[in-house]
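Single-structure report; data block below.
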Protein chains: 2
Amino acid sequence: MKMISLQDVQEAHSRIREHVIKTPVMTSNTINEMTNSEVFFKCENFQRVGAFKFRGALNAVSQLDEEQKTRGVVTHSSGNHAQALSLAASKLGVKATIVMPSNAPQVKVDATRGYGASIVFCEPTVESRVYTANELVKQHGYFLIHPYDNEQIIAGAGTAALELVQEYGELDALFCPIGGGGLISGTSIAVKGLSESTKVIGAEPKQADDAYRSIRDGKIYPSIKPNTIADGLRTSLAELTFNIISENVDEIVLVTETEIVDAMRLLWERMKLVVEPSGAVPLAALLSEGKRFQKQRIGVILSGGNVDLSSFFENYYAMINSESS
Amino acid sequence: MKMISLQDVQEAHSRIREHVIKTPVMTSNTINEMTNSEVFFKCENFQRVGAFKFRGALNAVSQLDEEQKTRGVVTHSSGNHAQALSLAASKLGVKATIVMPSNAPQVKVDATRGYGASIVFCEPTVESRVYTANELVKQHGYFLIHPYDNEQIIAGAGTAALELVQEYGELDALFCPIGGGGLISGTSIAVKGLSESTKVIGAEPKQADDAYRSIRDGKIYPSIKPNTIADGLRTSLAELTFNIISENVDEIVLVTETEIVDAMRLLWERMKLVVEPSGAVPLAALLSEGKRFQKQRIGVILSGGNVDLSSFFENYYAMINSESS
């Protein structure tokens, strides 16, 4: 198996840096006091399409050959990867087709179409998603870009941590969410490559703890009916991410749903950042394990900020209508 | 009357710069495309206490003489100025007393106490607030620091725009909210001082248009039962801010409540920024008057991010409780 190296992440960065946002790093006095540490938040909620996913998608699409570019790309996702791949493809003039479950929220369908992708609907099961995507590959010769079981996606994802360490120097520890494992794979390659002594801590919902159990038992467990609000972290590991995490990640911390919402609330109320539940999971892990991480320099990857705010704003519209009448 | 100068703003900046956050300036491809301009958002929602108010409060408290510092400061406010003054006073070891209406939200009372201030409650009327504060001045010799009818508060408020122009260069126009007029007074002094040709545009809710009418008619109107969700903009001008605005501000744009919520929604959904309704008012003005401001370099002051998110997060907690049961 070819392992991905720091150099792959650095090359990905050179390839994509002009088109991705070099997201700001934010700090909070409140959270520094709570943790008795210095915490650096890498704000990928400010990335294009609102999540780190754009980095990997652009890195992958950039490396297609001319024939692949002409045929187009396909993926299955109803989340941030769908929009990230659509935008990356559209930027490079490549046709993108996204397989989405028939029950995907209209807002995500519209957003993905908004970036110029075609949508093909399938039954709302993992099997149907994979089958439908593979059929499209067979029938049209589209190139499949998996959301995380892909070396170029992983190398691209690692560029966020690369920027963080380049800008703020060596960290004692870095907290990162684990879903399918693409982000933490790229992150750990970048961080360990730059400074071997930095601890890389995965953060996962207790109610979607397949990665924790997989690493503990040395075999990949599927993620069966994960009951977490962290919708980006419901997927299971792939062989590639399983291997990288086994080698690179020092520890996986599990957090409760309440801890996730508490952390999200801190990010919104105190830091004024719109962060999605999945993005709040690493802060939840840091806060729950804080005693072990005092007086350190700690990085936290805020992976994304895509939250459905419709009902929040419906309340505002209702409020002003009732007030003006 | 002593007018405030660019030099006053620059001196305020030297005085407070080590203790305030040099807030980031954010941009958005979506909003640049919508406006066909380059828009720079100065993010004072990331300032200490979540609003620009900390700049002026710290500038004012820093300049007290020893006797004033020993006696302590007082103000009347249930909003961002209360917390800003409390924190500024606490940083400099000065006692702060805040007069709040008896119906002030508990969350604001707690936050202000959290910064170490004492609270004195009064009847929920403007008369009672002013009377109670003046009584405290008489009885205890406290030094009154008005939220905006104060030269040091205004000079401090201007440091946000100063940083924006110093970092990003001359602007064609700058949009700023108008409540009592302190922020736009300081902002216009800084901006016009650095580049006379930059247009300074005030933004005010149509349903709290006292500043618009005051400037139009050349006399200060009180703000009577202003029916706007932009709770920071319900106050009326003072003589000091009226005079500065009359001289410096090129235009006041009025916006509807729907335009305010639309702008707020863009800031949250697209830019992932928690901004309070008052802070969204200048973007609402830019979007409503966009045709006149194309292909320009435009600054927007996002004045604050203090929004009550209790019910938003109560929904989240309810969601996870019902899911885990």
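Per chain, numbering begins at 1; letters A, B, ... match sequence-line order. Treat the numbers as computed from the prediction; the structure is a model and nothing was measured.
Proximity to chain A involves both the backbone and the side chain of D262(B), based on heavy atoms less than 4.5 angstrom apart. Residue contact with chain B, scored on non-hydrogen atoms closer than 4.5 Å, involves the backbone and the side chain of N306(A) alike. With a 4.5 Å cut-off on non-hydrogen atoms, T23(A) does not touch chain B at all. Looking at M264(A), both its backbone and its side chain come within 4.5 Å of chain B, counting heavy atoms on both sides.
Among the candidates R270(A), R265(A), M271(A), the residue making the largest number of heavy-atom pairs closer than 4.5 Å to chain B is R265(A). Between chain B and the options G50(A), G305(A), P277(A), the largest number of non-hydrogen pairs under 4.5 Å is found for G305(A). Ranked by heavy-atom pairs under 4.5 Å with chain B, the first of N315(A), N29(A), T27(A) is N29(A). Among V49(B), T256(B), L273(B), the residue with the largest count of heavy-atom pairs under 4.5 Å with chain A is L273(B).
When atom types are taken as modelled, the side chain of S77(A) and the backbone of A82(A) share a donor-acceptor pair closer than 3.5 angstrom. With hydrogens and angles ignored, the 3.5 Å screen pairs a side-chain donor or acceptor of E204(A) with a backbone N or O of A211(A).
Counting heavy atoms from C-beta outward, L283(A) and F41(A) have side chains that approach closer than 4.5 Å.
Between L302(B) atom CG and E44(B) atom CD the span is 9.0 Å, to the nearest 0.5 Å.
Ring geometry for F46(A) versus F46(B): interplanar angle over 60°, hence perpendicular rather than tilted (30 to 60°).
For T159(A) and R55(A), the side-chain atoms include at least one donor-acceptor pair closer than 3.5 Å.
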